[in-house]
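These notes concern the structure reproduced below.
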Amino acid sequence: MASILEKIVNPAWYKASIDSTAVSISNYYRPMFRSSSVTPLWHIMIGVSVVMYTSNYLALKGENIQAARQQRKDALHEYQEKHGITDHH
């Protein structure tokens with residue numbers, strides 16, 4: 001247990017982990033780039049799509065956002081009924 005806590009608070013452990021991951025990624029993708037493989041392009045496209053759709057959902061389509069939109073819609077409808085405003089022109 002103590003060794004886990006020591007790793008968590010030690011910045012050198014994070015640097016070593018990042019460096020190791022960078023070397024692994026470089027060793028995996030470098031031959032593909034040199035041989036003009038399309039695999040790295042597909043991996044980049046999939047990664048960008050995952051980030052894009054996740055951020056889109058969290059920012060625009062999440063439960064909290066939809067609930068707030070519904071609340072505003074209900075309040076506007078109530079205001080229009082109270083003041084005799086109709087949706088039809």
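Computed from a predicted structure; not experimentally measured.
Around CD of Gln70, the count of heavy atoms belonging to other residues, nucleotides or ligands within 6.0 Å exceeds 12. Counting heavy atoms of neighbouring residues, nucleotides and ligands inside a 6.0 Å radius, atom CG of Asn27 exceeds 12 of them.
Closest approach of Ile65 to Leu58, counting heavy atoms only: CG1-O, 4.2 Å. In this structure, Pro31 and Ser26 approach most closely via the heavy-atom pair CD-O, 4.3 Å.
Remark: Asp19 CG to Ser24 OG distance equals 10.5 Å, nearest 0.5 Å. In this structure, the separation between OG on Ser3 and CG on Asn10 is 12.0 Å, given to the nearest 0.5 Å. Rounding to the nearest 0.5 Å gives a distance of 8.5 Å between OG of Ser17 and NZ of Lys7.
Under the 4.5 Å side-chain criterion, counting only non-hydrogen atoms from C-beta, Val38 is in contact with Leu41.
Hydrophobic clustering places Ile8 together with Trp13 (ILVMFWY residues linked when any side-chain heavy atoms are closer than 4.5 Å, directly or through intermediates). Cluster membership for Ile46 and Tyr53, using ILVMFWY side-chain heavy atoms within less than 4.5 angstrom, is not shared. Cluster annotation: Met52 and Leu60 are assigned to distinct hydrophobic clusters (Ile/Leu/Val/Met/Phe/Trp/Tyr, side-chain heavy-atom contacts under 4.5 Å, transitive).
Here Ile85 pairs with Tyr79, Gln80, His83 under the side-chain contact (heavy atoms from CB on, under 4.5 Å) rule; sequence neighbours left out.
Residue pairs meeting the ring pair (Phe, Tyr, Trp, His ring centres under 6.0 Å) criterion with at least one partner in residues 24-44, sequence neighbours excluded, are Tyr29-His43. Applying the salt bridge (Lys or Arg N to Asp or Glu O under 4.0 Å) rule to pairs touching residues 53-73 yields nothing, sequence neighbours excluded.
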Inset, instruction - Run the numbers on Thr21 and Ile25 for side chain to side chain contact (heavy atoms under 4.5 Å, CB included), then give the verdict. - result: CA-CA 6 Å; Thr21 302; Ile25 290 172; 3.8 Å; yes

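In the model, Ser37 has no side-chain atom that pairs as donor or acceptor with a side-chain atom of Ser35 under 3.5 Å.
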